[in-house]
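Proteins get letters first, then strands, A, B, ... in listed order; numbering begins at 1 in each.
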Amino acid sequence: MESRAVPPPQASARQTEMGEAFNRILFAATEALEEQKIPYAMIGGIAAIGLGRPRSTHDIDFFIRPEDAEVTLEALKRHGFDTERTDDRWLYKGFKEQMMVDIIFKSSGDIYFDSEMQERAKPVDFHGRKIKVVSPEDLIIIKCAVHSEIGPHHWHDALAVLSHATLDWKYLIKRSRKAPRRLLALLVYAQSNDILIPNTVICELFESVFGDQAKTQSQGWTSENKLTSREPKIPQKTDLYLLSKIQRAIATDQRTSTLDVKLNLIGHRIVASGELSTPELKRNVEAVINECASDYSVDNRISVSEPTEPQTVEELT
Amino acid sequence: MIRIAAVGDVHFDRNSAGRLRGYLGHLEQLADFLLLAGDLTQIGSVEEAKVLSEDLQDCPVPVIAVLGNHDFHSDQQVQLVATLNEANVTVLEKNSTILQIKNQSVGIVGLKGFGGGFMGSCGTEFGEPEMKAFIRNTKIQAEHLQSELEHLQTDYKIVLLHYSPCPETLLGEKKEIYPFLGSYLFAEAIDRGGADIVFHGHAHHGVEKGLTPGGVPVRNVARPVIRHAFHVYCLNKEGQLHHDQLSLEHAKL
């Protein structure tokens, strides 16, 4: 995707005080992260603007790796932000001059700022500054997964990116595993609105979502068929060594390095249990599992323990 | 009487700041010194050791530690020890230190230890070079342990390990991994060299209390086992001595 000059959006226009404050806070926050070399990319409104949808935004949404959540909070603090651990599962916040910065480390649909996403993130020009945004393909997937009744603008952001950006369709399909049905629906809808979507892309995605089911079901709907068509797709071949592979990754990955996690495979769900010492470690384990087995969902049941004062003294004679 | 605070496997990483400090403020009221039984850090990086050093900086009693397997992972163990030394933490590796507690001398022998297994199901120095090297490593450490204990002339002799010298404190771990959790060669060294108590960590799913075959108390103080910031142990030889003297005097009468 070529980065393109962005028409100034209304709410962040240079002329208005609000706009200036918005840019000041955005640049202060990016500086804080870049100073600490924390990998990041913008998602949300700024990414949508950066990738081709001129619209207003009041949101500054940073997407980062779970293991960088604490360091990011510290970095913002040093740059004069008030900070808040809003939700240990996915969201921290920074506040300055009555502006808010969202630090998102897990997006709806178990989407993480993984290595592929990091590699594809590109700087775009935003009011004279280079700001890193996620690739258009990744933004489309994120927007698909987060789309809901209360956030219909995400759908339109995704459509705008589809119509403006030059897309790597192969990568888009590859990345669709977190929200394949949503993406298929979006592409069909986009095509109906005269946005150029190659038929081959829609066919390939359709095939990967429904596969053989589509053929058998065309012979007549039964209630049983309807039921199975709604079930999440279970990977055809279960890797017998999958859990061992993940266990080894958790033991050796620098972010986790622990043997205290127990894994179980239930259908297409990986259940992680055990006890760890920090919430960051718990999140990192989930991220590592996700990287090893992106076709599976993770049920993170790990508990976080706090040490307590010793209660007794043992006397030995 | 001496009072020992001990904990192992604190596994400090860059997010662990404050996880120990909060409990050490008035430690002098509870204990005479603090022992750390290895796995001080998560991946053995200097960055992590710095976080731990800051937590230990103001500890009101002497801190004595050994390294664990995690502390070797990044090949930075030398810098890691230097970082801890700067915070006045004594890190033992096949050597000992002597503390003077009131009028009592306390000798602490410290080493990481290693695996190998326990009597009846252990590895031996036989076969492939890798296998021989594995067991030889344990054997050399056990020899150091015994000779250090034999040379100590202190009132109390304490052993600080990361790996376990006995299987009793491993109860709860899978039997299949016992050979990676410790070796009976350390128990043998302890029983031959003589000690009052042994501390170790490493076995997160084990239990706290065990005994060497020769009867020396063993305590697995891995934090997931003791579930507290540390545990406190009182050794009372004076009481025993006092008791013995009384009965002796009684016999004379």
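- To the nearest 0.5 angstrom, Thr278(A) atom OG1 is 10.5 Å from Phe12(B) atom CZ.
- Rounding to the nearest 0.5 Å gives a distance of 4.0 Å between CD of Glu314(A) and CZ of Arg219(B).
- The closest donor-acceptor contact from the side chain of Tyr23(B) to the backbone of Pro310(A) lies at 3.5 Å or more, if one exists at all.
- Taking NE2 of His228(B) as the reference point, atom OG1 of Thr308(A) lies at 3.5 Å (rounded to 0.5 Å).
- The 12-atom threshold is exceeded at NZ of Lys77(A), counting heavy atoms of other residues, nucleotides or ligands nearer than 6.0 Å.
- Within a 6.0 Å sphere centred on CZ of Arg78(A), other residues, nucleotides and ligands contribute more than 12 heavy atoms.
- Enclosure of atom CG in Leu259(A) is not indicated, since only 12 or fewer non-hydrogen atoms of other residues, nucleotides or ligands lie within 6.0 angstrom.
- Counting heavy atoms from C-beta outward, Leu235(B) and Glu315(A) have side chains that stay 4.5 Å or more apart.
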Trace of the side chain to side chain contact (heavy atoms under 4.5 Å, CB included) decision for Tyr233(B) with Leu316(A): CA-CA 7 Å; Tyr233(B) 304 88; Leu316(A) 296 114; 3.9 Å; yes
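- Of all heavy-atom pairs spanning Arg19(B) and Pro307(A), the tightest one is NH2-CD, 3.2 Å.
- Looking at Glu275(A), the atoms closer than 4.5 Å to chain B (heavy atoms on both sides) all sit in the side chain, from C-beta outward.
- Among the candidates Glu70(A), Glu306(A), Glu309(A), Gln311(A), the residue making the largest number of heavy-atom pairs closer than 4.5 Å to chain B is Glu309(A).
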Criterion side chain to side chain contact (heavy atoms under 4.5 Å, CB included) on Asn15(B) and Glu67(A), from CA distance to verdict: CA-CA 9 Å; Asn15(B) 296 311; Glu67(A) 66 263 35; over 6 Å; no
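- Contacts of Leu20(B) with chain A are absent, with no heavy-atom separation under 4.5 Å from either backbone or side chain.
- Shown here for Ser257(A) and His70(B), the closest heavy-atom pair between the two residues is O-CE1, 2.9 Å.
- For the residue pair Arg223(B) and Ser305(A), the shortest heavy atom distance occurs at NH2-OG, 3.1 Å.
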The test is side chain to side chain contact (heavy atoms under 4.5 Å, CB included); show your working for Gln42(B) and Thr258(A) and say whether it passes. CA-CA 8 Å; Gln42(B) 188 73 338; Thr258(A) 178; 4.1 Å; yes
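- Atom-to-atom distance recorded for Asp13(B):CG and Arg255(A):CZ is 13.0 Å, nearest 0.5 angstrom.
- For Glu74(A), no part lies under 4.5 angstrom from a heavy atom of chain B.
- Under a cut-off of 6.0 angstrom, the local environment of NZ in Lys102(B) is crowded, with over 12 non-hydrogen atoms contributed by other residues, nucleotides or ligands.
- Within the 4.5 angstrom heavy-atom criterion, atoms from both the backbone and the side chain of Arg227(B) approach chain A.
- Going from atom NE2 of His204(B) over to atom CG of Leu276(A) covers 10.0 Å, rounded to the nearest 0.5 Å.
- For chain A, the nearby part of Arg14(B) is the side chain; its heavy atoms alone come within less than 4.5 Å.
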